[in-house]
Amino acid sequence: MAERLRDLSQPIDVPLLDATVAAFYGTGSKEERSAADQILRELQNNHDTWLQVVHILQNSQNLNTKFFALQVLENVIKYRWNALPVEQRDGIKNYISDVIVQLSSNESSFRKERLYVNKLNVILVQVLKHELPARWQSFIPDLLSAAKSSETICENCMAILKLLSEEVFDFSRGEMTQQKIKELKQSLNSEFQLIHELCLYVLSASQRTELIRATLATLHAFLSWIPLGYIFESPLLEILLKFFPMGSYQNLTLQCLTEVAALQFGDFYDPQYVKMYTIFMVQLQTIIPHGTNFAEAYTNGSSEEQAFIQNLALFFASFFKSHIRVLESAPANRGGLLMGLEYLIGISYVDDTEVFKVCLDYWNLLVLELFEAHHNLENPALTASLMRLQPTLMPEVVDGLPSPLVQRRQLYSVPLSKLRTLMICRMAKPEEILIAEDENGNIVRETMKDIDVLVQYKIMRETLIYLSHLDHEDTEQQMLKKLNKQLSGDEWSWNNLNTLCWAIGSISGSMMEEQENRFLVMVIRDLLNLCEITKGKDNKAVIASNIMYVVGQYPRFLRAHWKFLKTVVNKLFEFMHETHPGVQDMACDTFLKIVQKCKRKFVTTQVGENEPFVSELLSSLSITVSDLQPHQVHSFYESVGQMIQAEPLPAKRDEYLRRLMDLPNQKWAEIIGQASHSVDFLKDQDVIRTVLNILQTNTSAANSLGTYFFPQISLIFLDMLTVYRMYSELISNSIVEGGPFASKTSFVKLLRSVKRETLKLIETFIDKAEDQPHIGKQFVPPMMDPVLGDYARNLPDARESEVLSLFATIINKISLSFSNYKAAASTRAIQYNARDEEVQSDEESFHTLAILVEKALGVLVYEDNYEPLYDNPPTDLTWWPVKHAQYSPEGEAWCIPD
């Protein structure tokens with residue numbers, strides 16, 4: 001059977017092809033579908049199959065088979081059209097055109113075969129992309145002439161024109177050359193008068209709903225690029241506005257009006273825009289009365305009604321972006337403008353992400369423009385430009401502001417106040433918030449960030465900051481009023497409190513300091529009261545998360561008010577004992593954020609205090625961290641490290657560091673003491689986890705302290721390398737005994753985690769430390785054999801790539817002190833028998849490190865030729881390529897050639 005289909009030297013067996021296509025789309029066995037798929041792929045890839053297309057279309061009754069044939073034909077048109085003989089190209093054009101006319105001339109066949117006709121239309125447009133304008137100049141006149149013979153043909157002609165416009169103006173990139181696109185656009189422009197006349201005729205004379213809808217859809221595709229005279233110097237706008245109130249055409253008409261509203265080309269047609277907007281607003285009030293609850297209407301509406309609300313948002317946003325100044329300029333138009341803004345604010349409450357994005361995009365643009373005009377008054381020329389006035393024509397100043405600016409701010413005062421309410425009610429969640437409400441209404445820890453929400457938050461934050469600058473008083477009053485309603489219970493809900501607090505946190509820095517201080521004191525006081533009077537762990541968790549977010553957003557206030565700062569930090573310590581999901585994480589994150597902004601306050605003895613806060617904190621450290629998880633303890637240690645780093649006196653700094661690390665050091669000493677009696681103690685998995693936790697705690701502190709971490713790392717360094725060596729041997733032995741799969745066991749993974757954390761701790765310290773030669777001299781030599789030598793000796797499966805990262809960091813950091821040497825890193829290692837070399841000086845320390853890393857990694861680390869490195873050259877060079885090592889002529893020193 002397959003052979004009969006593959007033989008294309010004779011007309012293809014259409015019934016057999018129908019059966020094959022049916023098998024492919026059918027519910028038969030997997031083998032049958034696979035065999036059918038193979039045959040159809042072969043036919044599709046055969047360059048001669050397209051010659052059978054007409055035969056297939058004429059003889060098959062299976063729609064899927066016809067689509068298969070048309071797919072074959074479409075590929076030929078796309079990729080081989082210009083290679084076909086003229087006779088074959090003309091044959092395809094004539095056949096497709098004839099079938100389309102035949103099927104669309106009859107109402108019954110047109111409706112019945114609609115999918116087939118649509119596919120034929122697509123094929124025809126693919127042909128037109130090659131043939132227009134040079135090789136088929138008569139196409140559009142012929143098409144429009146045929147359209148006048150029948151309403152169904154006319155409807156399909158509209159569909160073809162719409163497809164053609166979309167292909168040329170929307171989807172042509174990557175499929176046609178720029179020259180070809182230009183030619184097609186010029187052709188369509190020159191022919192549009194005929195299309196325009198046909199569209200107007202249909203919209204004026206036809207009563208056929210399907211035809212009118214097809215015509216409106218075609219106009220929508222053309223309106224963004226046709227010459228403006230066809231829009232404004234013809235009855236087109238009047239006809240569109242006539243159809244707007246009619247239910248069947250509302251969405252299509254609104255899309256057309258939106259395309260017109262988005263056009264920008266100067267002020268020549270401003271009167272037409274004002275007239276269009278005025279008539280539109282009158283008609284809109286009959287469709288959706290002023291004051292409609294758009295959120296409810298959208299939720300309860302049909303898909304068509306929802307689409308209308310979305311299209312309405314697009315219309316207002318497009319019109320206001322381009323033409324709001326026209327409406328502002330005359331008092332008679334301002335009522336309609338304000339009503340349109342109220343409609344858009346109402347739509348902004350719709351619970352749909354895409355609708356809200358459209359609205360938010362415009363609100364951000366509007367308030368930015370108003371903000372810039374308000375804050376550039378010291379530059380009259382710039383202000384005049386923003387107001388579209390000549391600098392010499394600037395009016396007299398009224399109350400310290402140019403009168404047009406005063407009028408404009410007064411004009412928008414009510415909409416902007418309502419916009420502030422909107423932003424507060426719909427504020428998106430910031431990145432710092434770690435708790436969320438799940439689908440069951442429970443408060444849980446958020447596990448994944450929503451990038452779209454974070455982007456939305458940034459735009460809303462920017463918008464609300466502009467709104468706050470434009471009217472600080474209204475912003476403050478609205479927020480405090482809503483907070484009072486939370487306390488009274490009138491509007492209490494998690495969502496209402498969340499959005500309010502996210503909004504409060506987002507405007508940090510937008511008020512004068514005195515006003516901000518007063519505002520924040522009232523906010524925190526009310527939130528703490530709310531936390532006290534509210535029952536239920538979930539409720540308290542939500543309030544706690546909001547308190548932490550708000551205080552973390554106002555470091556300027558915290559730095560200026562020590563008692564308040566201390567109260568906030570102690571409250572965070574309370575939250576660190578709250579085991580509700582997400583609260584402890586937020587408390588630790590907020591603590592770190594506050595310390596980073598206010599760290600000097602914690603190491604200075606404040607008025608009324610007996611000692612710096614950091615000393616008080618260290619005295620109760622064990623109690624504070626008692627309920628925290630390991631990763632939260634690490635964050636806490638990083639925060640306290642930030643405090644200690646701000647202490648200017650070395651003696652105090654070292655004392656604070658000793659007290660900070662006392663808990664992990666006690667545990668470390670205990671483990672090392674037990675291991676000295678029995679090495680097997682270190683093999684216990686609980687002990688391994690404890691070692692890992694201690695190292696991670698040290699890494700967190702080192703990350704904050706940098707060079708000042710020196711006393712602590714010096715204390716544990718040699719013992720840490722001993723543990724590293726032992727765990728490395730355990731890993732190697734496990735892999736030798738158990739094979740490659742042993743590296744996947746939990747025991748080996750745990751051991752490797754300790755090795756990696758050891759390397760990370762050393763790298764963090766060296767990377768952050770400042771006294772590079774001193775650090776290199778003290779820390780690098782002891783690491784050579786336990787770390788670098790271990791890497792070279794180990795099995796490939798037991799090696800840690802972090803070793804290469806560590807030594808690349810060492811070389812890069814230390815080489816900065818020596819201008820004559822270059823540092824480099826590579827991921828290639830060769831066998832290396834570690835040698836203990838005695839370091840004589842800082843420079844020799846670098847030389848020693850350079851050559852040892854070069855041996856292990858196989859990289860050239862410095863430029864100079866034949867620089868003596870050792871008095872006693874190594875005798876075993878079997879591991880080192882001869883071209884990379886040789887003796888000096890005197891035979892006394894080992895050298896590296898260039």
Side-chain angles (χ1 to χ4, degrees), residues 1-81 83-84 88 92 95-96 99-100 103 108-127 129 159 163 166-167 170-171 173-175 303 438-440 447-448 450-452 738-746 749 797:
M1 291 172 58
E3 291 304 320
R4 285 164 55 192
L5 288 176
R6 293 189 183 102
D7 182 10
L8 299 178
S9 61
Q10 54 188 346
I12 198 166
D13 188 333
V14 175
L16 182 56
L17 180 61
D18 284 341
T20 304
V21 172
F24 176 74
Y25 286 104
T27 56
S29 68
K30 182 179 179 181
E31 290 75 16
E32 289 174 342
R33 290 198 301 276
S34 178
D37 178 50
Q38 180 64 30
I39 294 169
L40 294 176
R41 284 179 186 276
E42 289 180 18
L43 286 174
Q44 213 165 17
N45 294 330
N46 191 315
H47 284 189
D48 294 327
T49 304
W50 76 273
L51 297 169
Q52 303 278 352
V53 167
V54 173
H55 176 67
I56 296 169
L57 294 178
Q58 288 176 339
N59 292 281
S60 175
Q61 300 303 313
N62 186 320
L63 187 59
N64 286 330
T65 304
K66 290 183 177 182
F67 276 132
F68 169 77
L70 290 176
Q71 185 63 49
V72 170
L73 183 58
E74 186 173 14
N75 288 336
V76 170
I77 295 168
K78 276 186 174 182
Y79 306 115
R80 296 169 54 203
W81 181 256
L84 298 180
Q88 290 182 341
I92 293 173
Y95 177 77
I96 297 296
V99 174
I100 290 174
L103 292 174
S108 176
S109 64
F110 183 57
R111 300 300 168 203
K112 181 181 177 182
E113 302 279 2
R114 190 58 190 264
L115 289 175
Y116 182 37
V117 174
N118 287 343
K119 184 63 178 177
L120 289 168
N121 290 342
V122 171
I123 300 294
L124 180 61
V125 169
Q126 292 297 331
V127 172
K129 285 161 67 175
L163 277 173
E166 290 172 344
E167 283 292 324
D170 298 331
F171 312 133
R173 186 178 297 275
E175 291 194 3
S303 59
D438 66 10
E439 63 274 12
N440 300 316
T447 56
M448 187 177 297
D450 188 330
I451 301 301
D452 287 341
F741 293 106
S743 62
K744 307 295 183 184
T745 62
S746 60
K749 284 183 176 180
D797 285 341

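We use all heavy atoms of the structure for the numbers below, so side chains are in, but hydrogens, waters and symmetry mates are not.
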Evaluate side-chain contact (heavy atoms from CB on, under 4.5 Å) for Leu103 paired with Leu120, printing each intermediate quantity in order. CA-CA 10 Å; Leu103 292 174; Leu120 289 168; 4.0 Å; yes

CG (Leu115) and CD (Glu113) are apart, to the nearest 0.5 Å, by 9.0 Å

How far apart are the closest heavy atoms of Val14 and Ile56, and which atoms are they? CG2-CA, 4.2 Å

Taking side chain as C-beta onward, heavy atoms only, is Lys129 less than 4.5 Å from Lys78? no

Which heavy atom of Leu43 sits nearest to which heavy atom of Leu5, and what is that distance? CD2-O, 3.5 Å

Within-4.5 Å side-chain heavy-atom neighbours: Asp37 and Arg41: yes

Answer whether the closest heavy-atom distance between the side chains of Leu51 and Leu8 falls below 4.5 Å. no

Approximate separation, where rounding is to 0.5 Å, of Arg6 CZ and Asp48 CG: 15.0 Å

Can you tell if the side chain of Arg80 reaches within under 4.5 Å of the side chain of Trp50, non-hydrogen atoms only? yes

Under 3.5 Å, side-chain donor or acceptor atoms of residues 62-71 against the rest of the protein: list the pairs with distances, not counting sequence neighbours.
residue : atom : partner : partner atom : Å
Asn62   : OD1  : Asn64   : N            : 2.8
Asn62   : OD1  : Thr65   : N            : 3.3
Thr65   : OG1  : Asp18   : OD1          : 2.7

Rounded distance [0.5 Å steps], CD1 in Ile96 versus CD1 in Ile77: 6.5 Å

With sequence neighbours left out, the residues meeting salt bridge (Lys or Arg N to Asp or Glu O under 4.0 Å) with Asp452 are none

Could you state the interatomic distance from CG (Asn121) to CZ (Arg114), rounded to the nearest 0.5 Å? 8.0 Å

Pairwise distance OG1(Thr49) to CG(Leu73) - rounded to 0.5 angstrom: 11.5 Å

For Tyr95, check side chain to side chain contact (heavy atoms under 4.5 Å, CB included) against everything at least two apart and list the hits. Val54, Leu57, Gln58, Val99

Measuring from Gln126:CD to Asn75:CG, what's the distance to the nearest 0.5 Å? 10.0 Å

Of all heavy-atom pairs between Gln10 and Gln52, which one has the smallest distance, and what is that distance? O-NE2, 3.1 Å

